[in-house]
J.: 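Just dropping this structure here.
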Amino acid sequence: MPLQVKLQGALGPLRKELEEVLALTFKEEKKTTEWQRSSHTLLRAEEQLLLQSLEEEERATLQRLQENVTKLSQQSSSLQQLITEIEEKCQQPVVELLKDVKSTLSRSENVKLQEPEAVSTDLKDMYKISLDMNEVLKKFGVDVTLDPDTAHRWLVLSEDRKHVRLGDKRQDLPDNPERFDKYAIALGAAGFAGGRRYWEVEVGDKTDWDLGVCRESVSRKGPVTLTTKQGYWVLRLEDGKYKAFTYPLTPLPVSVRPSRVGIFLDYEAGEVSFYNVTDRSHLFTFTDTFSRTLRPYFCPWVSAGGTNVAPLIICPIPAQAGGNLCP
């Protein structure tokens with residue numbers, strides 16, 4: 001086979017390698033830009049609550065991404081030089097080619113794309129790691145109490161309106177418009193139409209429960225459809241399985257059973273996040289657009305033969321949170 005043909009044959013794979021390197025370079029540079037923009041946006045949104053840990057993570061991530069870009073740029077430069085060298089040799093007489101063509105072909109055959117180091121730029125992953133429940137509680141904690149006018153007749157509320165459980169009998173209560181009449185649901189007394197709010201609920205060893213938020217305007221009479229379209233952003237434990245009421249349902253892998261659940265509402269960001277306070281891990285985040293008042297949502301479920309009789313308990317918040325509930 002003529003040497004020019006061999007050299008021409010080597011150009012195709014090299015050009016393909018160059019295209020892949022350039023594509024990867026563009027991808028890494030894009031990730032770098034998006035990472036900087038997203039991380040800065042998150043820092044503003046959380047009002048620098050996690051500033052120190054995020055900045056450290058940002059610096060480390062940016063360094064790894066920039067190293068990837070540098071290495072890919074070096075590969076790109078080497079490939080371009082080799083392609084130019086082969087293109088020039090293709091124009092040379094055979095006598096000239098014989099001098100070092102074997103070296104050139106050997107280098108072209110040994111070219112191997114070096115994949116960039118995998119760098120996670122998932123802000124939610126970083127947020128899960130960095131989130132300090134106590135700090136969030138102090139900054140955004142809100143004193144949630146239950147609204148007895150919304151509670152189903154089978155529900156029993158404590159005097160301080162912090163506990164809710166299923167009672168042994170249907171209570172003689174007025175069938176006012178605010179009261180749920182089909183399922184054992186109660187809402188928080190306060191409505192939120194903006195800002196960021198955080199509260200925690202003790203679920204203990206209960207086998208079944210629902211927690212979340214809903215629109216204040218949801219219908220209280222008849223069957224309830226727990227979908228975001230209907231105005232419910234709810235997490236459920238049922239038969240030992242956790243799920244988010246998305247459509248379709250989202251099953252949630254939970255390695256450590258939460259005895260306490262944190263709920264964080266960021267109204268302007270359109271997010272309702274759930275956290276396992278027991279191991280300080282993120283459970284799930286709903287993302288939507290809010291335009292109406294939202295209320296905390298509670299459903300302690302049925303007693304299940306005595307295994308689920310414990311109440312849902314709204315946990316107290318530190319005194320430091322007072323006066324610092326709104327953005």
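Everything quoted here is computed from the prediction, not taken from an experiment. FYI, the numbering just counts along the sequence from 1.
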J.: If you define the side chain from C-beta out and look only at heavy atoms, does anything of V201 sit under 4.5 Å from W209?
T.: no
J.: Any donor-acceptor pair under 3.5 Å linking the side chain of T293 with the backbone of G191?
T.: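 Judged by distance alone, no pair lies under 3.5 Å.
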J.: Indicate if V261 and F298 have the same hydrophobic cluster label, given that clusters are the connected sets of ILVMFWY residues with side-chain heavy-atom separations under 4.5 angstrom.
T.: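 Result: yes, single cluster for both.
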J.: How long is the gap from CD1 on I185 to OG1 on T150, to the nearest 0.5 Å?
T.: 9.5 Å
J.: I need the full list of side chain to side chain donor-acceptor pair (under 3.5 Å) pairs touching residues 218-227, with sequence neighbours left out, sorted by first then second residue.
T.: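 Residue pairs with at least one partner in residues 218-227: D175-K221.
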J.: Roughly how far apart are D168 CG and Q171 CD, rounded to 0.5 Å?
T.: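 If I round to the nearest 0.5 Å, the distance is 10.0 Å.
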J.: To check you understand the geometry: which heavy-atom pair defines the closest contact between L226 and V224, and what is its length?
T.: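 What the structure gives for the nearest pair is CD2-CG1, 3.7 Å.
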J.: Just so I know, are the side chains of V203 and L312 near enough to count as touching, which here means a heavy-atom distance under 4.5 Å?
T.: yes
J.: Would you say the side-chain atoms of R236 pair up with the backbone N or O of D210, donor to acceptor, closer than 3.5 Å?
T.: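 No, R236 side chain to D210 backbone: no donor-acceptor pair under 3.5 Å.
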J.: How long is the straight-line distance from OG1 of T228 back to CZ of R215, given to the nearest 0.5 Å?
T.: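 Atom-to-atom, R215:CZ and T228:OG1 are 8.5 Å apart.
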J.: Is L211 reachable from I313 through a run of hydrophobic residues whose side-chain heavy atoms are each under 4.5 Å from the next?
T.: no
J.: Quick one: are W199 and P296 in side-chain contact, heavy atoms under 4.5 Å?
T.: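 SC-SC contact between W199 and P296 confirmed.
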J.: Quick one: does D147's side chain have a donor or acceptor within less than 3.5 Å of a partner on D149's backbone?
T.: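 Yes, D147 side chain to D149 backbone: donor-acceptor pair under 3.5 Å.
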J.: State plainly whether one hydrophobic cluster holds both L187 and V142, where clusters connect Ile, Leu, Val, Met, Phe, Trp and Tyr through side-chain heavy atoms under 4.5 angstrom apart.
T.: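 The answer is no; the residues belong to distinct hydrophobic clusters.
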J.: Look up atom CH2 in W233 and atom CG in L294, then write down how far apart they are to the nearest 0.5 Å.
T.: 5.5 Å
J.: For residues 151-162, please give each side-chain donor-acceptor pair under 3.5 Å, one per line with the distance, not counting sequence neighbours.
T.:
residue: H152; atom: ND1; partner: W154; partner atom: N; Å: 3.1
residue: H152; atom: NE2; partner: D181; partner atom: O; Å: 3.4
residue: R153; atom: NE; partner: L173; partner atom: O; Å: 3.2
residue: R153; atom: NH2; partner: L173; partner atom: O; Å: 3.1
residue: S158; atom: OG; partner: D160; partner atom: OD1; Å: 2.5
residue: S158; atom: OG; partner: R161; partner atom: N; Å: 3.4
residue: S158; atom: OG; partner: K162; partner atom: N; Å: 3.1
residue: S158; atom: OG; partner: H163; partner atom: N; Å: 3.0
residue: D160; atom: OD1; partner: K162; partner atom: N; Å: 3.0
residue: K162; atom: NZ; partner: D143; partner atom: OD1; Å: 2.4
residue: K162; atom: NZ; partner: V144; partner atom: O; Å: 2.7

J.: Just by distance, do the side chain of K206 and the backbone of A310 share a donor-acceptor pair under 3.5 Å?
T.: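 A pair under 3.5 Å: yes.
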J.: Atom CG in D266, atom OG1 in T287: separation rounded to 0.5 Å?
T.: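 One gets 10.0 Å once the value is rounded to the nearest 0.5 Å.
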J.: Where do V234 and C214 land on the side-chain contact (heavy atoms from CB on, under 4.5 Å) test, with the steps shown first?
T.: CA-CA 8 Å; V234 171; C214 71; 5.9 Å; no
J.: Side chains of P258 and F274: closer than 4.5 Å at any heavy-atom pair?
T.: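 The answer is no, as the side chains (C-beta and beyond) never meet within the 4.5 Å cut-off.
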J.: Report yes if the distance between the aromatic ring centroids of F192 and Y267 is under 6.0 Å, otherwise no.
T.: no
J.: Report yes if the distance between the aromatic ring centroids of F264 and Y275 is under 6.0 Å, otherwise no.
T.: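 No, too far apart.
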J.: Using modelled atom types only, decide if a donor and an acceptor are shared between the side chain of E268 and the backbone of G195 within a distance under 3.5 Å.
T.: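 Yes, the answer is positive, given that a donor and an acceptor are paired below the 3.5 Å cut-off.
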J.: Within this structure, what is the CH2-CG distance for the pair W301 and D208, rounded to the nearest 0.5 Å?
T.: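 That separation rounds to 5.0 Å.
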J.: Compare all side-chain heavy atoms of Y297 with those of Y232 and state whether any distance is below 4.5 angstrom.
T.: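 The answer is yes, as the side chains (C-beta and beyond) meet within the 4.5 Å cut-off.
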J.: Just by modelled atom types, is the N308 backbone N or O under 3.5 Å from a matching donor or acceptor in the T207 side chain?
T.: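 Judged by distance alone, no pair lies under 3.5 Å.
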J.: Are any of the side-chain heavy atoms of T246 and F286 separated by less than 4.5 Å?
T.: yes
J.: Kindly indicate whether the side chain of L237, heavy atoms from C-beta on, has any atom under 4.5 Å from the side chain of R257.
T.: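 A side-chain contact exists here, since the closest heavy-atom pair is under 4.5 Å.
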